[in-house]
Amino acid sequence: MAEKITPRNVDYSRWYTDVILQAKLADYSPVKGAMVIRPNGYAIWEMIQQNLNRMFKETGHENAYFPLLIPESFMHKEAEHVEGFSPECAVVTIGGGEKLEEPLYIRPTSETIIWSMYKKWIMSYRDLPILINQWANVLRWELRTRLFLRTSEFLWQEGHTAHATYDEAEEETKLILNIYKKFAEEFLAIPVIAGKKSDAEKFAGALHTYSIEAMMQDKKALQAGTSHNLGQNFAKAFDVKFQDKDGQLQYVWATSWGVSTRLIGALIMTHGDDNGVVIPPKVAQKQVVIVPIWRGEEEKKQVLAYADEVRTELRKEFNVILDDREQFKPGYKFAEWELQGIPLRLEIGPKDVAKDGMVLVRRDTLKKDFVAKAGILETVRQTLNLMQKEMLERARQFQQQNTHQVDDYVEFKKIIEEQGGFLNSHWCGDPDCEAKVKADTKATIRNIPFDQKAEKGKCIVCGKESEGRVIFAKAY
RNA sequence: CGGGGCGUAGCGCAGUCUGGCAGCGCACCUGCCUUGGGAGCAGGGGGUCGGAGGUUCAAAUCCUCUCGCCCCGACCA
């Protein structure tokens, strides 16, 4: 614990790893590319699950669970799908000591197994829509892995819906992306840009893909959630038809959408500082820690009794820890809880007891304030609300300050190279121009924002007519 | 897959060149003492030196083979 975190300006990616390991969010596992999510990290995931689950259910979705193993033949039914995923799949070939007749793929995503079931369940338009979500693990064989951002096995939710019309599927796709955006901003305090993926960046087998993109502190983009309109591709591959009101047989329209434990990485890289992780109050399972300070038995008794009263009061509404461990001094405890990102700390010593108050410290600003014991519940409530709001605001300002409008390709390359960030530039829609930017700068089109202004312009690469600006950035 | 580095206590490392008691820091355990920003002192536990083979009176150290991991370059949430 006495280890120091590598400062962000020395080595950002080492900082990231240091924070995760030292804050006990996760640890490396014996299996290459796989990680262990420790209680501190899993607590954040549980908060993500809890809130997204509520939002999904409020919009009519239900949870279900489909198998981990997928018959090989299923994977091959949708051409683009298998092409996109085959290289990164793990395959089970032996079971019960016998070579399997048909190899079983460990799911990289569940479209195929789910649509094989939808075929059984969908007969008529009366069976639609089907709005199912599942919380699951998936596996993709990754070469370069990083804790939370890219691991071979990861946790996510995947929604898979079936609809009678294109419009309905499209509406669903956008509804979900909107939920993701709202969740990222209101709960994780991460401002995101919602938009449409270019064809080069879309999901294998989708008609089109929408995403939310966030900016990390190193100004690189991170895709934080995706939502796909799959059209009729999977319905055709699995022959899923329904009879409409007029008695006509039609293929079903599909969507799929997901967010993963990668969101935890986004949270760390959006809000963390050189002292550790900073958890937004709304996704912190433990919101307040009380650190008592005393000298000698008499003070100890007095301080602990007082601290216990404060804890009891706060517990009416919050999850509070009273850190009365004897083997550590207050300074050590301050550092430890800051490392773990607990939003609020209350320091209570003899001086505070005498003044009928305590010192309140916000994790994001590290500012100390003396507050009265009377009304402490309301004080904490207000402070947490304010902190939540200001964290989003701060991140939004950072994103805006590092977003550049650029109309000249030389300048474009210079900014990408020297400053990074989001580049708001015109693009004609030609995949070749997109590929050239990637080859020249490693930046890709993150998405075409929904709130893109209709603005005539010239493509940053080829100079041809463009209808609007897109977001270019280097990405994780 | 191409390039680089590393495997010695839970973690981080020294020792390897030049063979000869397996060490240091942190963490851990016990006791004392401390407590408003990562305390101090004393004592203690903990090792198939990644693995196999070889050379030698003697191998963490020399030789051969092997396994694994990390970092940097082409794909992905």
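Residue numbers start from 1 in every chain, and the chains themselves are labelled A, B, ... in the order their sequence lines are given, proteins ahead of strands.
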Inset, instruction - Return each pair, listed once, that meets ring pair (Phe, Tyr, Trp, His ring centres under 6.0 Å) where at least one residue sits in residues 206-232 of chain A; pairs must be two or more places apart or across chains. - result: A:F203-A:H228, A:H208-A:Y210, A:Y210-A:F450

Need one value for [X]: base, sugar-phosphate or nothing, where a base atom within 4.0 Å counts as base even if backbone is also close, heavy atoms only.
X	value
A:P292	nothing
A:E338	base
A:R345	base
A:K351	base

Tell me, please, which residues at least two apart from [X] pass ring-ring contact (aromatic ring centres under 6.0 Å, His included).
X	result
A:F370	none
A:W141	none
A:W427	none
A:F328	A:Y332

Inset, instruction - Measure from the side-chain heavy atoms of A:K368 and tell me the nearest of B:A39, B:G37, B:G36. - result: B:G37

Legend entry - Nearest to side-chain heavy atoms of A:Y332, which nucleotide of B:G37, B:G38, B:U35: B:G38

Inset, instruction - Please tell me which of A:I293 and A:Q327 maps to the more 5' nucleotide of RNA chain B, matching each residue to the nucleotide holding its nearest heavy atom. - result: A:I293

Using atom [atom1] of each nucleotide, how far apart are [N] and [M] to the nearest Å?
N	M	atom1	value
B:G46	B:A22	C1'	13 Å
B:A59	B:U8	C1'	14 Å
B:G40	B:C71	P	33 Å
B:G20	B:C62	C1'	14 Å
B:C13	B:C6	C1'	12 Å
B:U61	B:A9	P	15 Å
B:G47	B:C57	P	31 Å
B:G15	B:U56	P	28 Å

Legend entry - With sequence neighbours excluded, residues passing salt bridge (charged side-chain N to carboxylate O under 4.0 Å, His left out) with A:R38: none

Inset, instruction - Sequence neighbours left out, what passes salt bridge (charged side-chain N to carboxylate O under 4.0 Å, His left out) with A:K300? Give chain and number order. - result: A:E326

Nearest whole Å is fine: how far is [N] [atom2] from [X] [atom1]?
X	N	atom1	atom2	result
A:I5	B:G38	CD1	P	16 Å
A:E326	B:A39	CD	P	16 Å
A:W337	B:G38	CH2	P	18 Å
A:K301	B:U35	NZ	C1'	18 Å
A:F328	B:C28	CZ	C1'	11 Å
A:D324	B:U35	CG	C1'	13 Å
A:K24	B:A27	NZ	P	13 Å
A:I348	B:G36	CD1	P	16 Å

With both distances under 3.5 angstrom, what nucleotide forms a Watson-Crick or G-U wobble pair with [N]?
N	result
B:C1	B:G73
B:U56	none
B:C11	B:G25
B:G68	B:C6

Legend entry - salt bridge (charged side-chain N to carboxylate O under 4.0 Å, His left out) contacts touching residues 343-353 of chain A (sequence neighbours left out): A:E338-A:R345, A:R345-A:E347, A:E347-A:K368

Inset, instruction - Could you note down all residue pairs passing salt bridge (charged side-chain N to carboxylate O under 4.0 Å, His left out) where residues 199-224 of chain A supplies at least one of them, sequence neighbours left out? - result: A:K197-A:E213, A:E201-A:R446, A:E213-A:R446

Legend entry - Short N-O contact, A:K413 and A:E417, less than 4.0 angstrom: no

Legend entry - Identified side chain to side chain donor-acceptor pair (under 3.5 Å) counterpart of A:Q157 within the set A:N53, A:N133, A:N63: A:N133

Please determine, by modelled atom types, if [X] and [Y] share a side-chain donor-acceptor pair under 3.5 angstrom.
X	Y	result
A:E142	A:S152	no
A:T209	A:T226	no
A:Q287	A:N319	no

Legend entry - Under 4.0 angstrom between A:K329 side-chain N/O and B:G36 OP1 or OP2: yes

Inset, instruction - Identify, residue by residue, the members of residues 35-56 of chain A with a heavy atom below 4.0 Å from RNA chain B, and return them in order of residue number, or none. - result: none

Legend entry - Strand-adjacent residues in residues 357-367 of chain A, judged by heavy atoms under 4.0 Å from RNA chain B: A:V359

Hey, what are the protein-to-nucleotides 73-77 of chain B N/O distances that come in under 3.5 Å?
unit_1, atom_1, unit_2, atom_2, d
B:C76, O2, A:R150, NE, 2.1
B:C76, O2, A:R150, NH1, 3.4
B:C76, O2, A:R150, NH2, 2.5
B:C76, N3, A:R150, NE, 3.4
B:C76, N3, A:R150, NH1, 3.2
B:C76, N3, A:R150, NH2, 3.0
B:A77, O3', A:Q223, NE2, 2.6
B:A77, O2', A:R262, NE, 3.2
B:A77, O2', A:R262, NH1, 2.1
B:A77, O2', A:R262, NH2, 3.4
B:A77, N6, A:T151, N, 3.4
B:A77, N6, A:T151, O, 2.6
B:A77, N3, A:S260, OG, 3.3

